Amino acid sequence: MMLSVTNLQAAYGASRVLFDINLDVTEGECVTLLGRNGMGKTTTIRCIMGLLVANGGAISFAGCAINGRAPERIARLGIGLVPEGRQIFPTLTVHENLVATAANRMVRPNSWTEERVCSLFPRLGERRNQWANTLSGGEQQMLAIGRALMTNPRLLILDEATEGLAPVIRAEIWQCLEALRREGQSILVVDKNINVLRRLADRHVVIEKGMTVWRGTNADLDRDWDKVHGWLGV
Amino acid sequence: MDETCDIASPVKRRRAALLVAVLAALLILPFATQALGYGSLTSFATRIVITAIAASSLNLILGYGGMISFGHAAFYGVGGYVVGILYAHARSGEAIWGLMPGTSDLAVTLPLGLLVCGLLALLLGAISLRTSGVQFIMITLAFAQMIYFLFVSLKAYGGDDGLSVRRRNEFFGLDVRDDTRFYFLSLGLALLWFGFMARLVNSRFGLVLRGIRQSERRMAVIGISTYRYKLAAYVIAGMGAGLSGALMTNYARFVSPDMLHWVQSGELMIMVILGGVGTLLGPAIGAVVLLSLESVLAAYTEHWQVILGPFLVLVILFWRGGINGLISRLTGARCE
């Protein structure tokens, strides 16, 4: 098991947000974390990354318990996060965003390089010397994914990767994720858009009010289609 | 869109031409001022060049790293005192703590000043950088004031009155009592420092530092231990200020606790802001402008700060990126 989250509980001050989150990702797998707004998807990711300390439950990555570890130590174990809202470095150029990120990363065979990122997202190559804040939303998203890849992640986590983007750009980003998957990259996608994710993912996890309410494969999804739709409010 | 956003070559060429012109002017300055009969200007230019190193070192942490240190004078003053104390022991013949003889050889005092300031910055930085925001400002100020009062109470080294260095240090047998020679020595070291800064801020280390200023948490999530990077930058900045202080003691042939005072830290900060925060040459421009304004305005009124204050406010309000930002816009580049 690569990432395993069991019975995760978390709160912001006095208000509890997560009650019982269970989720796991194995090597080379693509898993989705689905749920409506405010159900605790981003909070779950924040707990995994160490940005929020969990109140209970266990999180382990590659055999190490990572509860309570500092974010940089968790990231260095091999988790690459593409955060919600992109969060690139606005006044560094595309090139600088990618290079800065590659500082003290783990060395792995088939390492990601700037050239490799630019061949995945040719638009980034064209905008190499532009400041990141002059890119369009879609390009910024591509840069955020490229930046995460530059850390050579064993697991790539995307939090609402296509939020607020034009349909054409969305399609482009999903295509790139499919290409990554074919290369064997493990991916955890947090989203609301189940129709596209069915094609991309092996398994799905649905959360509702801070609890995991459904887990299953694409086949299970077909069977429980109505139930899952109810939770997602599609 | 591409043309305006790409930090492109025509702008770089224009800036390079400007830089070459400034360098040429700096090289002929002592000869030109002597020929024109303003020999004292060389000495004034030396002061600017030395101060520019200290301002630039503060800019590394303040401008590039986003660490608002209000205690940079600590390193500037300690660098100065290393030269002063070594000289005092060289004159008296007493060894320092019975361990090390004094010296007035710049080839020893300067590296030693850098070393002492580097270690001091490592110690103070390791503690201060555990905090951030207003707490960081206050803790750096507090440390600097502690060192200020320490030297005020050190009667062995002049206390409040400071130490006189009757003769400038020698540098590999070169007598730098001559103002022109000392100017070139200071200029050479300043050019080395600015060259080093240029390499540093464009290296991966510099990029990480700039990323940390934009968002420390984003850097941490990427897997970068921001504390170590900030501490390394803090040590480098401390050493830069130490270099400047050591040169300044040689220049003024005097060192006193005033060099450690918070007003000195404030002045360095004003230079950085005036010239352009987070730009390579901004602090140098700030040093030129502030010291020139100070000496010109002080000739008219002793309350020259009354004029400087509003000027500073105007620069901050209307010239985004300081004077360097203004120059960048005039040469067609954009600034951060």
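A quick note: this is a predicted structure, and the numbers were derived from the prediction, not measured.
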Self-check item: Interface residue of largest heavy-atom contact number with chain B, from Met49(A), Arg73(A), Glu72(A), under 4.5 Å
Solution: Glu72(A)
Quiz item: Can you say whether Leu77(A) sits under 4.5 Å from chain B via the side chain, the backbone, both, or neither, judging by heavy atoms?
Solution: neither
Quiz prompt | Residue pairs passing the salt bridge (charged side-chain N to carboxylate O under 4.0 Å, His left out) test where at least one lies in residues 161-170 of chain A, sequence neighbours excluded | solution = Glu163(A)-Lys192(A)
Self-check item: Partners passing salt bridge (charged side-chain N to carboxylate O under 4.0 Å, His left out) against Asp24(A) (at least two apart in sequence or in another chain)
Solution: Arg203(A), Arg215(A)
Self-check item: Part of Pro153(A) lying under 4.5 Å from any heavy atom of chain B
Solution: neither
Quiz prompt | Heavy atoms of other groups near Ile137(B) CD1, more than 12 under 6.0 Å | solution = yes
Practice problem: Determine, step by step, whether Asn22(A) and Thr6(A) satisfy the side-chain hydrogen bond (donor to acceptor under 3.5 Å, both in side chains) criterion, reporting the C-alpha distance in whole Å, the side-chain angles of both residues, the deciding distance to 0.1 Å, and the verdict. | Solution: CA-CA 5 Å; Asn22(A) 295 283; Thr6(A) 28; 5.3 Å; no
Quiz item: For Arg128(A), is it the side chain, the backbone, both or neither that has a heavy atom under 4.5 Å from a heavy atom of chain B?
Solution: neither
